[in-house]
Number of protein chains: 2
Amino acid sequence: MAQSETVDRILDAAELLFAERGFSETSLRQITSKAGVNLAAVNYHFGSKNALIQAVFARFINPFTRILRERLEAGAKADTPLTLEALLGIITTSIIQVPSRTHNGLSIFMRLLGLAYTQSQGHLRKYLEQQYSAEFRLFMRLLREATPDLTPVERFWRIQFMLGATAFTISSTSALSGILEKELGVETPVEQIIQELVPFLSAGIQARSLQGDPLARRVSK
Amino acid sequence: MAQSETVDRILDAAELLFAERGFSETSLRQITSKAGVNLAAVNYHFGSKNALIQAVFARFINPFTRILRERLEAGAKADTPLTLEALLGIITTSIIQVPSRTHNGLSIFMRLLGLAYTQSQGHLRKYLEQQYSAEFRLFMRLLREATPDLTPVERFWRIQFMLGATAFTISSTSALSGILEKELGVETPVEQIIQELVPFLSAGIQARSLQGDPLARRVSK
DNA sequence: ATCCCTGTCAAACGTATGTTTCAAACAACC
DNA sequence: GGTTGTTTGAAACATACGTTTGACAGGGAT
């Protein structure tokens, strides 16, 4: 009963600290002291630190995956295949629409996602892969249909470029926003960064590949 | 005398292990035992673990920056401003031409760069920024001239996307190449991946931004 | 030969980590 | 009201970490 109280306090503190400093750099003592609970509570409720990390993710990702899957399946059922922009739009709006407890829950979520991909936490990647492989494969199928002109090799690498741009940017958002604000006096909410990403990715993925020398190609504007 | 021997062995082992597991996840004992030197050697030669991390970077980045700066300055002296493709070409070829000790030194380098950006190692970011700010600013100026149509905010974020796509992809090359080879029976050398990158980035950076798109606009918290 | 500087080595230091233990407090049920 | 199962609490556990120490070896230089 009072159980959920402690569990939630731990999850709240953990997700904040993880996003701030990374996984290895955050100790259970920092988490429990910020949460105002006993140190042993983590191991009692979650079993281990790794399990806590996965639980933090599950709380974020499960709602997102549910929303995303619905939309992807709706898109897959349509008569005409989705355009690339529509496909990317589905993902971004799904992310944005995940209900978040805190006011900047989204940026924390994205930062965690970036960390997960970047930081070589074997257990986390394995967990995410086997947990959400169905959605990932569906997305890949739709992407294939949306970019019929690409060769498989081109498509493979451009997916990596896309993932890289996204994960990398988002995972360093907090630091970057600070720089941008200092230099340009502007502040960019995560929602807008995601919006900025779509045209970039869309154009990049559909770019004409250069065969021959790179300098001869002209850009259409 | 035999000094350089030990220092190099440490740097070699450290750069490999850092790239493999990350900075916090790699202990000095792992490094020194892989290098076959005494544990105390790190603190003797470098002073601290953080200083070792910075030294690993310096060994990679210094030659690259030298090559890059020469070419950028040459490009800046020309009468007509560089095209975006030419600018990106300068960077990619500079990266490729960095002499590397090992056969996949390039992918290690990029992986480290990605980690530096992502892992919130304050000292490292500070070190890199103040060490190579001149080259970075020059590049930014040339990029600004190459993309006069972008707003500053757009340009800022697209640079991040570009960095992300590059660092992320190249850094996980070894793993990704394996996947690609298994699934498509093709093998892609790093140099070709970089070639694949140029059109992607070029098109992405110059993409028309979607503004006034009411689709996913949202009230800020 | 003596001194000194440099580099190596094994051992220890102090601290922080994740995890376990076990008694006490609590709530729920018969 | 006593019993049971669940949750907290303070303390200890074992281990791993980065760093420091002091002894020792090898050459050059004086």
Side-chain angles (χ1 to χ4, degrees), chain A residues 1-59 112 115-116 119-124 126-127, chain B residues 1-59 112 115-116 119-124 126-127:
Chain A
M1 299 297 122
Q3 166 244 12
S4 60
E5 175 73 6
T6 301
V7 167
D8 282 344
R9 293 170 67 90
I10 291 176
L11 286 174
D12 287 341
E15 95 184 12
L16 219 74
L17 289 173
F18 284 154
E20 226 172 67
R21 330 168 181 309
F23 303 113
S24 308
E25 293 81 1
T26 304
S27 73
L28 292 184
R29 282 170 176 82
Q30 292 172 323
I31 293 172
T32 52
S33 102
K34 181 182 188 99
V37 305
N38 189 273
L39 168 62
V42 170
N43 283 281
Y44 174 77
H45 286 289
F46 298 94
S48 69
K49 183 181 180 181
N50 279 353
L52 169 62
I53 294 177
Q54 294 172 6
V56 168
F57 266 85
R59 194 168 64 149
L112 287 177
L115 277 182
Q119 208 140 334
S120 27
Q121 298 264 28
H123 73 97
L124 226 190
K126 223 169 283 176
Y127 170 78
Chain B
M1 301 294 126
Q3 168 244 11
S4 59
E5 175 73 6
T6 301
V7 168
D8 283 345
R9 292 170 68 92
I10 292 176
L11 286 173
D12 287 341
E15 96 183 11
L16 220 74
L17 289 173
F18 283 153
E20 228 171 65
R21 319 135 131 66
F23 302 114
S24 308
E25 293 82 0
T26 303
S27 73
L28 293 185
R29 285 172 174 80
Q30 293 172 322
I31 294 173
T32 52
S33 100
K34 181 182 187 98
V37 304
N38 189 272
L39 168 62
V42 170
N43 283 280
Y44 175 77
H45 287 288
F46 298 94
S48 70
K49 184 181 181 180
N50 280 352
L52 169 62
I53 295 177
Q54 295 173 4
V56 168
F57 266 85
R59 195 168 64 149
L112 288 178
L115 279 181
Q119 206 139 336
S120 28
Q121 299 263 30
H123 72 98
L124 225 190
K126 221 169 286 176
Y127 169 79

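In what follows, chains carry the letters A, B, and so on, assigned in the order in which the sequence lines appear, proteins first and then strands, with residues in each chain numbered from 1.
- A:R21 places its CZ atom 14 Å from the P atom of C:dA16, with the value rounded to the nearest Å.
- Rounded to an integer number of Å, the gap from CG of A:L52 to C1' of C:dT19 is 14 Å.
- Between the CD1 atom of A:I53 and the C1' atom of C:dG18 there is a distance of 12 Å, rounded to whole Å.
- If you take CD1 on A:I10 and NE2 on A:H45, they are separated by 5.5 Å, rounding to the nearest 0.5 Å.
- Each of A:R59, A:R9, A:R21 was checked for a salt bridge (charged side-chain N to carboxylate O under 4.0 Å, His left out) with A:E15, and the lone residue meeting it is A:R59.
- Remark on the helix from C:dA1-D:dT30 to C:dC30-D:dG1: inter-end axis angle 20°, axes from five-pair C1' superpositions, rounded to 10°.
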Between protein and nucleotides 25-27 of chain D, what N or O pairs are separated by less than 3.5 Å?
none

List the atom pairs, donor and acceptor, that lie under 3.5 Å between side-chain atoms in residues 32-41 of chain B and the rest of the protein, sequence neighbours left out.
from, atom 1, to, atom 2, distance (Å)
B:T32, OG1, B:L28, O, 2.9
B:T32, OG1, B:R29, O, 3.3
B:N38, OD1, B:A40, N, 2.8

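- At whole-Å resolution of the value, CG in B:N38 and C1' in D:dA23 are 13 Å apart.
- Separating the OH atom of B:Y44 from the P atom of D:dG22 is a distance of 16 Å, rounded to the nearest angstrom.
- Closest approach of B:Y127 to B:Q54, counting heavy atoms only: CD1-OE1, 3.6 Å.
- Between A:V56 and A:F46, every side-chain heavy-atom pair lies at or beyond the 4.5 Å cut-off.
- In plain terms, the two heavy atoms of A:L52 and A:A14 that are nearest each other are CD2-CB, 4.1 Å.
- Within the model, atoms CG of B:L112 and CZ of B:F57 stand 5.0 Å from one another, a figure rounded to the nearest 0.5 Å.
- Contact of the A:I53 side chain with the A:N50 side chain is registered, since non-hydrogen atoms from C-beta on lie closer than 4.5 Å.
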Measure all distances between protein nitrogen or oxygen atoms and nitrogen or oxygen atoms of nucleotides 16-19 of chain D, and list the pairs falling under 3.5 Å.
from, atom 1, to, atom 2, distance (Å)
D:dC17, OP1, B:S27, OG, 3.3
D:dG18, OP1, B:K49, NZ, 2.8
D:dG18, OP2, B:L28, N, 2.8
D:dG18, N7, B:R29, NH1, 2.7
D:dG18, O6, B:R29, NH2, 2.8
D:dT19, OP2, B:N43, OD1, 3.4
D:dT19, OP2, B:K49, N, 2.9

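- Atom P of nucleotide C:dT8 and atom CZ of B:F46 are separated by 11 Å, given to the nearest angstrom.
- We find the CG-CG distance between A:L11 and A:L16 to be 12.0 Å, quoted to the nearest 0.5 Å.
- Between C:dT8 and B:H45, a contact under 4.0 Å exists linking OP1 or OP2 to a side-chain N or O.
- For the pair A:D8 CG and D:dT8 C1', the computed distance is 17 Å after rounding to whole Å.
- Nearest heavy-atom pair, A:I31 versus A:T26, reported as atom, atom and distance to 0.1 Å: CG1-CG2, 3.7 Å.
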